[in-house]
Each structure stands twice: as C-alpha cells, then as structure tokens.
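Everything below concerns the one structure shown next.
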Number of protein chains: 2
Amino acid sequence: MRKLSLEESKHYIEHYPISQYFSFDITPFIQVYEFDKGEYIFHEHSFPDYLYYMIEGKAKLYVTHKNGKISLIDFITSPTFMGEMELLNAERYSKGIQTVTTSICFAISIREVKEKLLADPVFLKMLCLFLSQKTMNATAKYTQNQAYPLENRLASFILLSSDQQFYKEKHTEVCEYLGVSYRHLLFVLAHFCEEEYLTKKDRGYVLTNRQALEKLASEITY
Amino acid sequence: MRKLSLEESKHYIEHYPISQYFSFDITPFIQVYEFDKGEYIFHEHSFPDYLYYMIEGKAKLYVTHKNGKISLIDFITSPTFMGEMELLNAERYSKGIQTVTTSICFAISIREVKEKLLADPVFLKMLCLFLSQKTMNATAKYTQNQAYPLENRLASFILLSSDQQFYKEKHTEVCEYLGVSYRHLLFVLAHFCEEEYLTKKDRGYVLTNRQALEKLASEITY
DNA sequence: ACAATAATGTGAGATATCTCATATTTTCTA
DNA sequence: TAGAAAATATGAGATATCTCACATTATTGT
C-alpha cells in the first residue's frame with residue numbers, strides 16, 4: 001500500500017469525480033492509495049478506519065470458514081465502494097478483501113466524516129441503491145449455485161467472461177467464485193472439451209460450439 | 001388480503017409505532033392490511049405498489065428457477081420492511097413473498113411518498129442499516145450452505161429453533177431454507193436418531209444429546 | 001537466472017445430495 | 001364430515017461434487 005503524492009492524487013481526483021455522491025465537498029477528506037496486486041485492503045476480522053472507493057482495479061471479497069474453506073463472496077470491480085457496511089456499524093468486524101490486480105482507491109477517513117455521511121441524503125440514497133444492487137447480485141448468484149449443477153453455471157460464466165471466442169480465466173479464481181472444488185471445475189471443463197464445446201489452445205480455451213454452451217446457460221436465466 | 005377498518009388500523013398504528021423511521025408524519029399514508037396464511041404479498045415478477053412494514057406474522061421470500069426448483073431466500077419475520085428494493089427501483093420486478101402465518105402489514109403507497117422517502121435522511125439511514133443487515137445474514141447463510149454439509153447446518157438450526165429440548169419445525173420449510181432436498185433432510189434426521197442425538201416423540205424430536213449437536217454446530221461458527 | 005511459489009492437470013475412491021416412486025398420515029376446506 | 005391437499009416417511013439407484021495424492025508447468029521475487 002502506497003499513499004500517492006499530492007500531484008498524483010490530484011490527477012485521480014479530477015479524473016474520477018465522486019462529488020455526485022455527496023451533498024458536500026468530499027475532496028478535502030480524500031487520500032489516494034495504491035494497493036499492489038495480492039495485497040489486502042481489509043484483513044478479516046479487522047475494524048476498518050477508511051471507507052474506500054475503488055476507481056481502478058479488481059479485488060476479491062471473501063470469508064474464511066472454521067474448517068478452512070474459503071468462500072468467495074464477490075468479485076469487486078471498480079468503480080465501487082468498500083467498507084460501507086462497517087461504516088454503518090452493521091458488522092462488528094470486516095470480511096477480507098484482497099486485490100487481484102493493482103488497484104487505486106480513494107480513502108475516506110471514517111472517523112472524520114462518519115457523522116456527516118450518515119446524515120447526508122444524497123450519500124445515503126446512493127448507498128441504499130448500491131447495497132440493494134449488491135444484495136440482488138449476490139442472491140442471484142447464490143440461489144443459482146444451489147439450484148443448478150456446475151455444468152450450467154460454468155457455461156453461463158464462460159459466455160460472460162470470454163473475449164470473442166476465447167476463454168481464459170484462472171481456474172483457481174473461477175472455482176472459488178462458482179463455489180466448487182478446483183478438481184470438479186477441471187472435470188467439467190474436460191467434459192466440455194470431450195463434447196467439443198471447447199478446444200484447448202495456448203493457455204485457454206476456444207469456444208467451438210457456442211450454441212451448445214448457450215443452451216446450457218439458458219437453462220438458468222429467469 | 002383484507003383492508004382493516006379505521007378502528008382496527010388505529011389500534012395497530014398506536015401499538016406499532018414507526019414514526020422513528022421517518023422525519024415526517026407517515027401515518028396519513030398508512031393503510032393496514034391483513035394477509036391470510038399462505039397468501040401472497042408479492043407475486044413473482046410483479047411490480048409492487050406498496051412498501052410494506054410487517055408488524056405481525058412470518059413470510060417466505062423465494063425465487064422460482066427456470067428448472068422448477070424453488071430457492072427460499074429468507075424467512076421474513078416481523079417487524080420488517082418488504083418491497084424496499086422495488087421502492088429504490090433496484091429491481092425491475094419483485095421476488096415472491098408468501099405468508100407462512102396470518103400477517104398484519106402497514107402498507108405505504110409508493111406512488112404517494114416515493115419522492116419524500118428518497119430524500120429523507122432518517123428513513124434512508126435506517127434503510128441502509130436494514131439492507132446491510134439483511135445482506136450479511138444472507139451472505140452468512142449462503143456461504144455456510146456451500147462450506148458445510150447438512151449435518152453441521154442442521155445441528156445448528158435445530159439448536160436455534162428448538163424450544164427447550166424439543167424440535168418441531170416443518171420439514172418442508174426447513175429443507176427449503178437449508179437448501180437441500182426433502183429426502184436428504186429426512187436422511188440426516190434419521191441419522192441423528194440412530195446416533196441418539198434426537199428421539200422422535202409425538203410430532204417432533206426430543207434433543208437427547210445436546211452436546212453432540214453443539215459439537216457439530218460449533219464447526220460452523222466463526 | 002534460479003529457487004520458491006502459484007497454477008495447472010489427472011487418477012482413484014469416497015460421500016453428500018438428488019431424483020423418482022410410492023405409501024401413510026395429517027390438515028385443510030367445501 | 002368427506003374428499004382434497006399437504007406433510008411425513010422410506011427405498012433404490014443415480015450423480016454432482018469432494019478429498020487427497022501426486023506430477024508438471026508457469027510465474028515471480030531476489
């Protein structure tokens with residue numbers, strides 16, 4: 001984690017305006033941080049001092065269970081807020097957030113502006129919207145995890161995340177996201193190759209039968 | 001669904017004050033409805049006209065998947081708001097809500113007060129808290145569903161929902177809540193009986209080895 | 001540039017959970 | 001109060017998914 005210079009900070013603050021989310025001038029309370037790839041923004045069970053607004057980068061929100069399993073709750077992609085639940089005191093301690101790529105974040109000191117934020121209708125309305133959006137996505141993902149085998153969900157995921165006809169995501173991330181073991185993900189991928197829906201190439205997979213994947217994915221969407 | 005008389009409504013409005021959630025007088029906008037057991041408060045894919053505040057009763061929030069499976073997202077217990085995401089326009093159409101018991105709700109016409117509510121910091125702050133609380137519960141439930149076999153989750157559920165040493169919930173509801181098939185729930189219950197953690201009696205189960213259940217449940221909590 | 005670490009890949013065996021079929025009992029409703 | 005609907009109960013067989021072990025191949029830090 002590196003605090004950016006005034007110069008650099010100014011650049012980001014100008015290029016990623018967030019004034020629309022507040023009814024007062026938030027810029028005096030903003031510091032800009034850069035997190036390295038793989039760095040933790042929140043450690044699990046810590047109590048955050050900052051509300052973050054990620055403007056560049058990608059991170060994982062996860063929770064570690066007593067038995068050692070890790071549930072990836074969500075991929076966090078910019079732009080987005082982080083630590084808003086903790087700001088609300090809705091949870092005593094935080095979940096973990098670890099960056100996947102180098103990330104740039106605005107950091108807003110909770111101590112300094114908590115009172116102001118929690119009385120600001122502009123901010124609160126945005127936060128309500130943001131929270132319900134997040135909840136809906138999470139709900140959709142989790143209920144689908146429960147209702148459909150990996151075959152369908154993976155087909156859907158491949159279609160969403162492939163670039164043109166090429167799929168190239170890290171298995172280690174995908175299996176966590178889809179809530180299955182690494183082993184099982186590989187099984188189903190192998191099965192897709194057998195059926196020639198996919199063909200291995202270089203470090204990824206070419207979509208050789210998009211229609212078949214669409215059929216599998218279509219069983220989910222409602 | 002039955003609209004209560006002025007007389008009855010007055011009684012409920014006095015006994016379940018909600019003025020604390022608003023910075024203006026909400027009572028002129030409140031109508032009181034009674035929903036029968038099993039009745040739908042929101043049909044799936046409908047677009048709600050009212051924001052509800054349930055003061056008595058219990059309901060199920062669910063979603064029906066294309067393949068016919070039903071995911072119970074949450075048990076809704078009073079007091080709670082319903083339809084708040086729709087008020088925010090966060091979702092185009094609603095999930096389904098069906099009462100489990102006869103329920104009494106305050107109904108607030110969205111058309112009449114939407115503008116006022118979305119500019120009311122008192123209401124918005126409460127709503128933020130409410131939404132994040134809900135999200136956290138849902139997240140905890142779903143990640144645990146993924147990370148632990150039914151054995152552990154059921155033990156935990158039995159301890160939470162049993163009255164004294166007696167467990168008596170409807171299997172049909174529990175299996176939906178825990179996200180497993182009816183058949184599998186019965187298997188694990190039978191297994192608990194074999195191990196003599198539980199003993200069947202009347203229409204329910206006596207907890208004959210609470211400690212064993214606690215051990216199983218303790219593997220979850222973090 | 002090399003050692004350490006992370007990611008990929010595969011096999012074998014176990015198990016958690018599902019589907020479907022069917023029977024009985026309880027509860028609701030007309 | 002009888003018939004319908006819902007809830008309980010159990011068996012048999014299938015399958016989706018997991019664990020563990022181990023080998024190979026990238027990627028990364030120093």
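Bear in mind that the values here come from a model prediction, so they are computed numbers and not experimental data. Naming convention: chains lettered A, B, ... in sequence-line order (proteins, then strands); numbering from 1 in each chain.
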Contacted region of DNA chain C by chain A, from 5' end to 3' end of the hits, cut-off under 4.0 Å to heavy atoms, spans C:dA7 to C:dG11
Look at B:Thr172 and D:dT8 and indicate whether a side-chain polar atom (N or O) is within less than 4.0 Å of OP1 or OP2. yes
Is A:Lys69 near enough to D:dT19 that one of its side-chain N or O atoms lies under 4.0 angstrom from OP1 or OP2?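 Yes, within the criterion.
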For a side chain to side chain contact (heavy atoms under 4.5 Å, CB included) check, start with the C-alpha distance between B:Cys128 and A:Leu127, then their side-chain angles and the critical distance, and finish with the verdict. CA-CA 7 Å; B:Cys128 280; A:Leu127 198 52; 3.8 Å; yes
From the options A:Thr139, A:Asn145, A:Asn137, select the one residue that forms a side chain to side chain contact (heavy atoms under 4.5 Å, CB included) with A:Lys141.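 Result: among A:Thr139, A:Asn145, A:Asn137, A:Asn145 is the only option passing the side chain to side chain contact (heavy atoms under 4.5 Å, CB included) with A:Lys141.
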Start with the C-alpha gap between A:Glu176 and A:Lys60, add the side-chain angles, then the distance that decides, and say whether salt bridge (charged side-chain N to carboxylate O under 4.0 Å, His left out) holds. CA-CA 10 Å; A:Glu176 282 184 354; A:Lys60 300 198 277 188; 3.5 Å; yes
Can you check the B:Tyr205 OH to D:dT8 C1' distance for me, whole Å? 9 Å
Taking the six-membered ring for Trp and the full ring for Phe, Tyr or His, determine whether the centres of A:His15 and A:Tyr12 are under 6.0 Å apart.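 No; A:Tyr12 has its ring centre 6.0 Å or more from that of A:His15.
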When we call it a touch if two heavy atoms are under 4.0 Å apart, what does A:His171 touch: a base, just sugar-phosphate, or nothing? sugar-phosphate
State which of D:dT27, D:dT8, D:dA12 makes the closest approach to the side chain of B:Phe187. D:dA12
Take B:Phe106 and B:Ile18, measure what side chain to side chain contact (heavy atoms under 4.5 Å, CB included) needs, and give me the verdict at the end. CA-CA 10 Å; B:Phe106 293 161; B:Ile18 58 166; 3.9 Å; yes
Given A:Ser5, which of A:Glu7, A:Arg2, A:Glu8 fulfils the side chain to side chain donor-acceptor pair (under 3.5 Å) condition? A:Glu8
Residue whose nearest DNA chain C nucleotide is more 5′ - B:Arg203 or B:Asn145: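 Result of the comparison: B:Asn145.
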